[in-house]
Amino acid sequence: MSAILERHLAKGKLPTTLKSVLYLDRQVLVMNKPAGLVSQLGRQLPEMKTRDTLDKVLKQIERRLELKEALRPLHRLDTATTGCLAFATTQTSARSLSKQFAQGQVEKSYLALVSGGKETFPGTSGRIDTPIKYQDGYFDGLGTGGKLSLTEWSLLASSPVLPISLVRLNLLTGNKHQLRIHMAKKLGAPILGDDRYSSSKVASKLLSEGRIKPNLYLHASDIAFVRYRQRGPQKRFRLGITAPLPAHFVEACKAFRIELPKECEGGLSINGEPIPETTIPELDGHYLRQEPSPTTLD
């Protein structure tokens with residue numbers, strides 16, 4: 001697998017079918033998912049008949065990398081959400097990594113632009129533990145009788161020109177639209193572009209003026225797994241993969257004069273500390289440096 005990927009890298013330009021691949025090793029492939037791609041096999045939105053499906057994208061990647069087994073999805077992202085989407089490369093790794101997801105060992109964090117300035121928040125960080133109620137799979141309120149829902153948030157920056165803020169969200173439970181619901185219905189700081197759970201006047205005005213694109217400003221920026229190596233002082237370690245922000249997100253931050261942390265450029269981390277390397281030799285792992293990811297799937 002490594003030799004095949006290195007052969008593509010040696011040509012100086014990756015094939016179009018591999019441009020969504022962010023990280024690859026013997027057990028896992030992480031894609032930088034564009035907005036508009038349904039992250040469930042065999043599904044496609046009715047209004048997107050001309051767009052690629054996940055099935056088609058994965059088959060192209062499998063063929064280019066000459067993978068011996070089909071890639072297996074480990075989790076999902078909302079169709080409008082961009083960023084880290086992970087797949088197991090073998091049946092054995094699928095069992096192991098799925099167990100980590102089930103036991104809450106996989107760390108997932110997101111970046112979001114939200115309506116609301118610094119004064120909107122009760123501090124610089126916090127935790128939302130309000131249960132979410134669903135009826136037939138749809139949001140049906142907050143409170144007693146709902147599903148356990150845990151979200152950690154931290155305020156990274158606020159625009160000096162508009163009531164818009166950049167927040168980091170840690171998803172501790174994975175309920176449907178949990179981050180969007182908690183931000184809009186509990187914290188009162190809805191994610192820009194989320195017209196299902198909010199009717200933000202600020203977002204509507206910016207959209208009508210053409211100052212933001214009709215996208216959801218929610219990006220799955222980081223995912224981290226527990227991994228093992230045969231040698232070294234720390235045989236058990238946490239490998240983190242960071243996806244660069246999509247172009248529409250970067251453009252909005254520049255327009256609103258919100259400074260982005262360096263981590264938004266993407267990269268790898270070991271036990272929470274960023275590393276300059278793009279390879280993890282013990283895992284036969286490669287991080288593929290990318291330009292800011294596309295706004296939508298071509």
Side-chain angles (χ1 to χ4, degrees), residues 2 5-6 9 14 18-34 74-75 77 81-87 89 97 100-101 104-113 124-125 151-158 165-172 179 217-254 258-294:
S2 176
L5 183 58
E6 288 174 359
L9 292 172
L14 284 174
L18 294 182
K19 286 186 176 179
S20 64
V21 177
L22 190 63
Y23 174 82
L24 173 70
D25 66 29
R26 290 188 294 266
Q27 293 189 9
V28 66
L29 180 146
V30 178
M31 172 192 294
N32 192 4
K33 187 185 94 64
L74 292 167
H75 63 121
L77 292 177
T81 302
T82 57
C84 293
L85 184 63
F87 303 85
T89 58
L97 293 168
Q100 286 193 38
F101 273 95
Q105 295 179 329
V106 177
E107 296 178 353
K108 293 177 287 183
S109 66
Y110 295 68
L111 292 175
L113 281 177
T124 57
S125 63
T151 301
E152 292 178 343
W153 62 269
S154 56
L155 177 63
L156 300 182
S158 293
S165 296
L166 175 68
V167 296
R168 177 180 289 111
L169 304 171
N170 295 330
L171 185 65
L172 304 183
L179 299 179
Y217 286 77
L218 178 64
H219 179 68
S221 58
D222 298 87
I223 191 165
F225 305 94
V226 174
R227 304 301 298 272
Y228 296 88
R229 49 191 164 199
Q230 294 181 343
R231 292 179 294 276
Q234 291 183 315
K235 292 183 173 62
R236 184 181 188 272
F237 67 101
R238 184 170 290 280
L239 172 64
I241 299 102
T242 301
L245 285 168
H248 72 274
F249 203 121
V250 175
E251 291 165 5
C253 288
K254 287 180 180 178
I258 293 176
E259 186 174 353
L260 291 170
K262 185 170 177 57
E263 67 194 59
C264 294
E265 298 174 8
L268 297 175
S269 65
I270 299 292
N271 296 327
E273 294 296 324
I275 62 172
E277 294 83 6
T278 57
T279 60
I280 307 291
E282 306 96 313
L283 305 178
D284 197 15
H286 291 263
Y287 181 88
L288 308 182
R289 286 283 175 193
Q290 298 182 342
E291 296 298 321
S293 62

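All residue numbers refer to positions in the sequence shown, counting from 1. Just so we're clear, the structure is a prediction, and the values are computed from it rather than from any experiment.
- For the pair His219 (side chain) and Pro244 (backbone), a donor-acceptor distance under 3.5 Å is present.
- Counting only distance, with no hydrogens or angles, the side chain of Lys33 and the backbone of Cys84 share no donor-acceptor pair below 3.5 Å.
- Separation of atoms CG (Leu239) and CD (Glu107) is listed at 11.5 Å; rounding is to 0.5 Å.
- Looking at Ser165 and Ser158, their side chains do bring a donor and an acceptor atom within 3.5 Å of each other.
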I'd like to know whether Val167 forms a side chain to side chain contact (heavy atoms under 4.5 Å, CB included) with Leu111, so could you lay out the CA-CA distance, the side-chain angles of the two residues, the decisive distance to 0.1 Å, and finally the verdict. CA-CA 6 Å; Val167 296; Leu111 292 175; over 6 Å; no

Phe249 and Thr82: CA distance, side-chain angles, deciding distance, side chain to side chain contact (heavy atoms under 4.5 Å, CB included) verdict: CA-CA 10 Å; Phe249 203 121; Thr82 57; 5.8 Å; no

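- By the 6.0 Å and 45° rule, Arg227 does not stack over the aromatic ring of Phe237.
- Taking CG from Leu77 and CG from Leu85, the interatomic distance works out to 5.0 Å, rounded to the nearest 0.5 Å.
- Here the CG atom belonging to Leu171 is positioned 5.0 Å from the OH atom belonging to Tyr110, to the nearest 0.5 angstrom.
- Taking CZ from Phe225 and CD from Gln100, the interatomic distance works out to 7.5 Å, rounded to the nearest 0.5 Å.
- In this structure the side chain of Ile275 reaches within 4.5 angstrom of the side chain of Ile280, judged on heavy atoms.
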Begin with the C-alpha distance, continue with both residues' side-chain angles, and end with the deciding distance and a verdict on side chain to side chain contact (heavy atoms under 4.5 Å, CB included) for Asn271 and Glu273. CA-CA 6 Å; Asn271 296 327; Glu273 294 296 324; 5.8 Å; no

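- When all heavy atoms are compared, the tightest approach of Asn32 to Gly83 is OD1-CA, 3.4 Å.
- Taking the side-chain hydrogen bond (donor to acceptor under 3.5 Å, both in side chains) definition, one finds that Thr242 meets it with Asp222, sequence neighbours left out.
- Proximity of the aromatic rings of Phe101 and His75 is defined here by a centroid distance below 6.0 angstrom, and this criterion is met.
- Salt-bridge annotation for Lys235 and Glu282: absent, with no side-chain N of the basic residue lying under 4.0 Å from a carboxylate O of the acidic one.
- The structure places CD of Glu152 at 9.0 Å from OG of Ser125, a figure rounded to the nearest 0.5 Å.
- Atom OH of Tyr287 and atom CG of Asp25 lie 14.0 Å apart (nearest 0.5 Å).
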Might you work through the side chain to side chain contact (heavy atoms under 4.5 Å, CB included) test for Val30 and Leu24, ending with a clear yes or no? CA-CA 6 Å; Val30 178; Leu24 173 70; over 6 Å; no

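- Nearest heavy-atom pair, Leu169 versus Leu218, reported as atom, atom and distance to 0.1 Å: CD1-CD1, 4.4 Å.
- Nearest heavy atom pair, residue Arg26 against residue Thr89, reads O-OG1, 2.6 Å.
- Thr279 and His286 share no side-chain donor-acceptor pair at under 3.5 Å.
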